[in-house]
Amino acid sequence: MTAMSQPLRSNCSHLKDHNISSTRFSTSLASLFKTWSDQPLVRHSLNHNPTTLNSPQPHHQQNQTKLISYTQTRKESLLSLIKSCTHKPHLLQIHAHIVGSSLILDSTVCFQFLSLISLSPPLKNLTYSRQFFDQIPKPNAIHYNTMIRAYSMSDFPEEGIYMYRDLRRRGLGGNPLTLSFVIKCCVRVKNLLGGIQVQARIVRDGHQSDSRLLTTLMDLYSICGKDDDACKLFDEIPHRDTVAWNVLISCCLHNSRSRDALGLFDIMQSETYRCQPDDVTCLLMLQACANLNALEFGERVHKYIEEHGYIGASKLCNSLITMYSRCGCLDNAYEVFKGMQGKNVVSWSAMIIGLAVNGYGREAIEAFREMQRTGVLPDEQTFTGVLSACSHCGLVDEAMNIFDRMSKEFGVVPNVHHYGCLVDLLGRAGRLDQAYQLIMSMDIKPDSKIWRTLLGACKIHNHDTLGERVFGHLMELKAQEAGDYVLLMNIYSSAGNWEKLAEVRKFLKEKAIQTTPGCSTIILKGTVHEFLVDDVSHPRKDEIYKMLDEINSQLKIAGYVADVSSELHNMGDEEKGYALSYHSEKLAIAFGVLATPPGTTIRVAKNLRTCVDCHNFAMILSGVYNRKIIVRDRTRFHHFWEGSCSCNGYW
DNA sequence: ATAGGGTTAG
């Protein structure tokens, strides 16, 4: 309703100013149609020649001028009607009159009408546009461009590529614009081959120094995973403006080269290139920072944003919230969130997800309630955040309740992420069969991530029979990874199933499948210190291991008992406790305790998931040694202070 | 003649 009655902002400012109602519009339409009806309607046929229509007999000189001027006025009034049309019934009337008169042969009229129905939001209808387009006897390049452009933004981008081929068949040379619209279509469907053909055309038509065209093409290569080709193309762009740099940066982000992306921020500003980053550059940089946990760089970008007056942009604020929370710096994330004007669903979701990944589940749910109080409607991703908050804190009933309300109250259809959170939650809570039933009852196909989640839960609860079945599902999807074999071995190990364990081991060795070794890093005074499992390569290794021994005995006094469920070897519990003490995060934390005074925050990043034992170890240590510890693992952050953790002990 | 291109938040 509101969408339909909304005036066309760009074209109808005059309408709005004088507040012309639709009734008055109808009146003027009616009077126009009345004048038309005095003219005989010209039946249009595809073979009609426009010149014969508009050229009356030579001996009627006076009449001809009159007729031309009359046609002219008629056309002018129609064009102004098209420009101010906001109602579908009027549209249909105008349509009928264009098609039923000689105006179908007027390319301007056709173009204006086509723009109206293919691009302007309230009346946009692509099927209808195509119908009209097909009624134009001789569509020109502009008509084609309009259609291809509309298709490039629609759900049927490949249709734009077909239209481009059609245009070429008709021998209408496309201009650079046509080419750029087609490339956009190719980007949408990741049609690299089509793009390469267009590239050949760009060269043949002599547009090879059109920077914008090349930039679009770069994006295509980037989206298709051809980052090297995209870079090559970048070198060929004669005038590299900020957008070109932005595309290059986004290319790095899309192709897992966040580190390169960060580097480009300084390179583009250097003496050689002298290109100023804009708001979009900042947005991309923040994403790279979030991927890399690069808090300091993120703070630099934040400063740049403030200095350049971009801080009012909600997109940037939302991105800052995500960057800070993905760097484990919730205080800063909340600071940005609090200070921002006009929080939308993205801002709230960013904050909720931020709280969730940092283990503050109850706070996330509270934020969710607050969001509803302020009248912002949650969407799919908000629920992903809320449900993952529940799964990080073991709030089973809360999650079930929210999941139920999600579709009933908010009309959000459960997706694979929502189910994933529930499976994780049920699995960790030990309700393995219920989790399995849930997966089997889903009306969407379970992906490998879901099965992997359940496999992880089978490991926690030493459920080897279900674990085997779940692993079978992963094999069915041909999606088993090295880490999955490790989980399976862990499950066999915990269940004391040494034969099966040996079997898997043998298999891994035969197939030369490499498992990723655990690796933790800690940054002290700007230097990155890296530790592998049982690492002895650090220059201060003797001190570190001595420290670790001391810590272990101190923690034992404080009630720490090694949790042995993560070990693979067939040995007695006492030996296991010993073996566990050399997990990479323990080494990194021991080094942190060694190298920092009490009261400091120790930040550790781990490539895999932290095990229960290391979680408990860090939690108790934070109290005994008075350090705040933040461990970032593959999926989340764990905050520890004064012997407690943000997720209330729920691992 | 007619319109008009690239990057972008959770």
Side-chain angles (χ1 to χ4, degrees), chain A residues 10-11 75 79 82 106-116 118-119 139-150 152-153 174-185 187 202 207 210-220 222-223 230 233-234 237 239-254 261 277-287 290 305 310 313-323 325-326 333 336-337 340 343-357 371 376 378-386 388 417:
Chain A
S10 49
N11 296 333
K75 178 177 154 184
L79 285 179
I82 291 174
D106 186 301
S107 55
T108 310
V109 169
C110 289
F111 164 72
Q112 292 288 353
F113 188 69
L114 201 57
S115 302
L116 175 73
S118 63
L119 299 170
N140 62 19
I142 294 165
H143 299 137
Y144 270 101
N145 278 4
T146 313
M147 283 308 296
I148 298 173
R149 182 178 173 216
S152 77
M153 300 182 287
N175 50 30
L177 237 77
T178 323
L179 300 173
S180 107
F181 293 141
V182 189
I183 301 172
K184 267 232 118 155
C185 293
V187 169
I202 291 173
H207 300 307
D210 185 325
S211 300
R212 289 193 189 181
L213 256 183
L214 298 184
T215 312
T216 328
L217 204 55
M218 246 182 93
D219 194 39
L220 176 69
S222 149
I223 294 294
L233 205 55
F234 180 78
I237 297 178
H239 175 72
R240 282 167 234 150
D241 60 3
T242 303
V243 181
W245 283 95
N246 290 347
V247 177
L248 184 66
I249 293 166
S250 104
C251 173
C252 293
L253 282 174
H254 282 134
D278 64 2
D279 50 341
V280 177
T281 321
C282 294
L283 214 54
L284 296 164
M285 281 304 145
L286 292 177
Q287 281 187 59
I305 289 169
Y310 296 145
S314 71
K315 270 190 188 181
L316 278 174
C317 290
N318 296 337
S319 213
L320 277 169
I321 296 170
T322 302
M323 184 276 290
S325 33
R326 284 184 60 192
V336 175
F337 177 77
M340 81 179 282
K343 302 178 185 71
N344 59 18
V345 59
V346 180
S347 330
W348 281 100
S349 308
M351 199 62 238
I352 290 170
I353 291 166
L355 288 164
V357 297
M371 167 188 181
V376 177
D379 67 7
E380 266 191 348
Q381 301 197 54
T382 320
F383 283 105
T384 307
V386 181
S388 88
H417 303 289

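Remember, predicted model here, so these are calculated numbers, not experimental data. Numbered from 1 within each chain, the chains take letters A, B, ... in sequence-line order.
Base contact: A:Val345 has a heavy atom under 4.0 Å from a base atom. At the heavy-atom level, A:Thr322 lies under 4.0 Å from the strands shown only through sugar-phosphate atoms. Across all strands shown, A:Val243 has heavy atoms under 4.0 Å from base atoms, whether or not it also approaches the sugar-phosphate. Nucleic acid contact for A:Leu217: none, since no nucleic acid atom lies under 4.0 Å from a heavy atom of the residue. Within the nucleic acid shown, A:Ser314 comes within 4.0 Å of at least one base atom, counting heavy atoms only. Residue A:Asp106 is out of contact with every strand shown, counting any heavy-atom pair closer than 4.0 Å. Looking at heavy-atom distances under 4.0 Å, A:Thr108 makes contact with a base. At a threshold of 4.0 angstrom between heavy atoms, the contacts of A:Ala313 with the nucleic acid are absent. Nucleic acid contact class of A:His254 (heavy atoms, under 4.0 Å, all strands): sugar-phosphate only. Contact annotation for A:Asp279: no contact, since no heavy-atom pair falls under 4.0 Å across all strands. Residue A:Thr382 is in base contact, counting any heavy-atom pair closer than 4.0 Å across all strands shown. Contacts of A:Ile353 with the nucleic acid, taken as non-hydrogen atoms under 4.0 Å apart, involve only primed sugar atoms and P, OP1 or OP2.
Within a 6.0 Å sphere centred on NE2 of A:His207, other residues, nucleotides and ligands contribute more than 12 heavy atoms.
No side-chain donor-acceptor contact under 3.5 Å links A:Thr216 and A:Asp219.
Where DNA chain B meets chain A (any atom under 4.0 Å from a heavy atom), the bounding nucleotides read 5' to 3' are B:dA1 to B:dG10.
At least one donor-acceptor pair closer than 3.5 Å links the side chain of A:Asp379 to the backbone N or O of A:Thr382. Checked by atom type and distance alone, the side chain of A:Ser118 pairs as donor or acceptor with a backbone atom of A:Leu114 at under 3.5 Å. Panel note: side chain A:Ser319, backbone A:Leu316; no donor-acceptor pair is recorded below 3.5 Å.
For the side chain to side chain contact (heavy atoms under 4.5 Å, CB included) test, residues two or more places apart in sequence or in another chain that qualify with A:Ala333 are A:Ile321, A:Tyr324, A:Ser325, A:Leu330, A:Met351.
Atom OG1 in A:Thr146 sits 4.5 Å away from atom CZ in A:Phe111 (nearest 0.5 Å).
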